[in-house]
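Letters A, B, ... mirror the listed sequences (proteins, then strands); counts begin at 1.
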4 protein chains.
Amino acid sequence: MVSSKRLSARTRESGSERRAELLAIAAELFATRGFLATTVRDIADAAGILSGSLYHHFDSKESMVDEILREFLDDQRRTNERVVREAADPRSAITELIRQAFGALLRHPAAIAIFQNESKHLAQFDRFDYLPTVADEFEDTWIEALHAGQQAGVFREDLDLKLTYRFIRDTVWTAVHWYDPQGKHSPQAIAEQYITILCNGIVSPEE
Amino acid sequence: MVSSKRLSARTRESGSERRAELLAIAAELFATRGFLATTVRDIADAAGILSGSLYHHFDSKESMVDEILREFLDDQRRTNERVVREAADPRSAITELIRQAFGALLRHPAAIAIFQNESKHLAQFDRFDYLPTVADEFEDTWIEALHAGQQAGVFREDLDLKLTYRFIRDTVWTAVHWYDPQGKHSPQAIAEQYITILCNGIVSPEE
Amino acid sequence: MVSSKRLSARTRESGSERRAELLAIAAELFATRGFLATTVRDIADAAGILSGSLYHHFDSKESMVDEILREFLDDQRRTNERVVREAADPRSAITELIRQAFGALLRHPAAIAIFQNESKHLAQFDRFDYLPTVADEFEDTWIEALHAGQQAGVFREDLDLKLTYRFIRDTVWTAVHWYDPQGKHSPQAIAEQYITILCNGIVSPEE
Amino acid sequence: MVSSKRLSARTRESGSERRAELLAIAAELFATRGFLATTVRDIADAAGILSGSLYHHFDSKESMVDEILREFLDDQRRTNERVVREAADPRSAITELIRQAFGALLRHPAAIAIFQNESKHLAQFDRFDYLPTVADEFEDTWIEALHAGQQAGVFREDLDLKLTYRFIRDTVWTAVHWYDPQGKHSPQAIAEQYITILCNGIVSPEE
DNA sequence: AATGAATGAGGATTCATTCAT
DNA sequence: TATGAATGAATCCTCATTCAT
């Protein structure tokens, strides 16, 4: 159907177990194969139904990613706010933000990967206007914490905070591409290792 | 090692200027929109010809990325080898590898983005078996340098080198997603900032 | 693809013989079976090609009707203007408009049927906003001629011109549903019969 | 003659109020959007139930139109028969048929539109074989009345009765497309205006 | 009477690719 | 080198219909 005046947009009531199952299946596939490379039939096959049947639950393939991403981003935003609110000082704010970010690998592995890989592509569409917005919010949160630490003399004065944020963010989020739940490092172990390097560097102290 | 196979996989005569132009156009689009989201007609449109005409120059869309990636990876591999060979000590090996990696942002921005974004997807196909291979080579190069540094007492003993490498690699390569040639930081400035943080950490020395 | 920001809208250069052939085939089917009931594959089958191949020539099924209707309406508008301009007096303006309208049965049988049957449905879509506009233009043309005749004392004073126009228009255009090129009446014969009835009524003069 | 078969084709118990409501809703939608463009879900939405629930009342979408059309046609046939039976003379038979036809705009607006717009499409299916049959019956009724009038010297001898009938029928039925219950003309006023034009023409008597 | 989940067939459209000219 | 017409397979999505509950 054309780019017309469609009617009933209905979200197809969002509280259903079947929905959640299907969404989890879709998220997994989107994360693994990519959004474009995942066909609606891939999802349906994985769910054991016909592709058309998916449309009983969702309006479109897009609305599936939409829902997956919104849920993750909402959770992450809430977590960030809490961390910043409860942090005793700037340094523990940053270290805790890092711990929480790595921790999200366990709760939202698929959503993180999708957010990482597909944001640029999805942001083309009006419907996903919130993606860059949320990204900016995240950036603000981190930069404020870094700035507070710099003011307090905890962090080096010669840091360009925007660059610093990007370095951290890229390391933290990109971990989703290699993090292996069955691997030898837990997200917390990874977080601690990264915190050490980030705070004190890789160079030996005696040096 | 792929280095032995070299890049003689090309099917049509590879030494044409038109080819190079077309490849540059394609690379730009693949990097910006993604490989799957870029249609052959997009490329042809951007080149001012019809989509069918592209097949006079290339066998397929895949062979275009293939060529783009091979060229980039070959260059990068050569650069890595030279850096390691010429480095005076482990610390300067690592810092120089970082400088060269950020420096590649100027020479191969599109290819880096494609390598980052599409590797997982392309690696499905036999034709791109070299992608994980090269990635492993890169990892080996870095880890060896890090290990040498650790042995020499320059780098901390408590570093997990595999994790450390991943942190560095993710930061360095992912920069392609936000690096702006018109922006206020040159790749070299970015490299120096990162080297500082990586070596000494973000925490103020007085602390 | 989503309701997004599409690019190259290109009309797919409109001057081609193949296009015209395909358009004629489509018009015939749209007229006979209805726009919705005609599948793109019906058209392709009738043209002896595959359905996807139609998209080499046209953007969509809609753009096909669009073109069919525009061509017809343009022609009809020009004809109306000429008739009105050249008419010696209001009565001959009306009779000649009627003759031309029935005459169009020969030149645009399919387009007339489509215009009749699908206007309401198509007018839903922005792209066809011109349909009601042209319909209004036609109405204006006829009503002006009727009005002039009424002023000149040629037509009854008790005529509601809007109603009169509608009676005429419905009779004339709807004829496309039963007019048979192989039938015993030529469009001109039908026109004359209708002109007689319209001007003088069906009641016997002696009465 | 269909009249003998009557309308006992219904499959589910036909005497429910809910049925009648649903049928009215469906008729309205079929008339407004067209039979094909109206989805079963459109109907269900308008009725405030789910689409599957409609099948508790009706066998299929087709059986809905079927019932709508049969009811209307039966009523119209009875009306026609009565008019002809009770008419004092051929002229009043014709004028009264016209009055009744316009009068039907009030009782069956949706059904008339559906009959007008969808007959050709529906007649493809065996189930709707009665549509052309009834149309022929109607034509016979009118032509007989016209013929009687011509024999009696009331109507012009030079009328081609088949053409005349079509002119009248098209005007009368097509009125459903523009008739507005809230508009300034009642069906009766429209009928009288048309009768005047049909009987005496639009040309001023003095002329 | 109605729900909610699913079917299965079909429909418009996209797109990499081919090939005669 | 390029065009223009076409292929054929796949993609997303629609929709009438079924059926267990």
Spacing of [X] atom [atom1] relative to [N] atom [atom2], expressed in whole Å:
| X | N | atom1 | atom2 | answer |
| --- | --- | --- | --- | --- |
| Leu36(B) | dC12(F) | CG | C1' | 15 Å |
| Leu29(D) | dA16(F) | CG | P | 12 Å |
| Arg41(D) | dT3(E) | CZ | P | 13 Å |
| Leu54(C) | dG11(E) | CG | C1' | 13 Å |
| Glu21(C) | dG4(F) | CD | C1' | 14 Å |
| Asp42(C) | dT13(E) | CG | C1' | 16 Å |
| Leu50(B) | dT21(E) | CG | P | 18 Å |
| Ile43(B) | dA2(F) | CD1 | P | 15 Å |

Within less than 4.0 Å of OP1 or OP2 of [N], is there a side-chain N or O belonging to [X]?
| X | N | value |
| --- | --- | --- |
| His56(C) | dA5(F) | yes |
| Tyr55(C) | dT14(E) | no |
| Arg18(C) | dA6(F) | yes |
| His57(C) | dG4(F) | no |

Apply the test side chain to side chain donor-acceptor pair (under 3.5 Å) to residues Asp42(C) and Thr39(C): give CA-CA distance (whole Å), side-chain angles for both, the deciding distance (0.1 Å), then the verdict. CA-CA 5 Å; Asp42(C) 288 339; Thr39(C) 72; 3.3 Å; yes
Output, in order, the C-alpha distance, side-chain angles, deciding distance and verdict of side chain to side chain contact (heavy atoms under 4.5 Å, CB included) for Leu36(C) and Glu118(C). CA-CA 9 Å; Leu36(C) 287 172; Glu118(C) 318 290 351; 5.5 Å; no
For the backbone of Ala113(D) and the side chain of Asn117(D), can you confirm whether one donor and one acceptor N or O come within less than 3.5 Å of each other? yes
Would a distance-only check, ignoring hydrogens and angles, find a side-chain to backbone donor-acceptor pair under 3.5 Å from Lys120(C) to His177(D)? no
With heavy atoms under 4.0 Å as the rule, sort [X] into base, sugar-phosphate or nothing.
| X | answer |
| --- | --- |
| Ile49(A) | sugar-phosphate |
| Ser53(C) | base |
| Thr38(A) | sugar-phosphate |

Pick the closest DNA chain E nucleotide for Leu22(A) and for Val40(B) by heavy atoms, then say which residue is nearer the 5' end. Leu22(A)
Go nucleotide by nucleotide along DNA chain E from the 5' end; which of Phe35(B) and Gly52(A) gets its closest nucleotide reached first? Gly52(A)
Should dT21(F) form a Watson-Crick or G-U wobble pair with both distances under 3.5 Å, which nucleotide is its partner? dA2(E)
Which listed nucleotide (dC13(F), dT17(E), dA12(E)) is nearest to the side chain of Ser60(B)? dT17(E)
Rounded to the nearest 0.5 Å, what separates atom CZ in Arg33(A) from atom NE2 in His121(B)? 10.0 Å
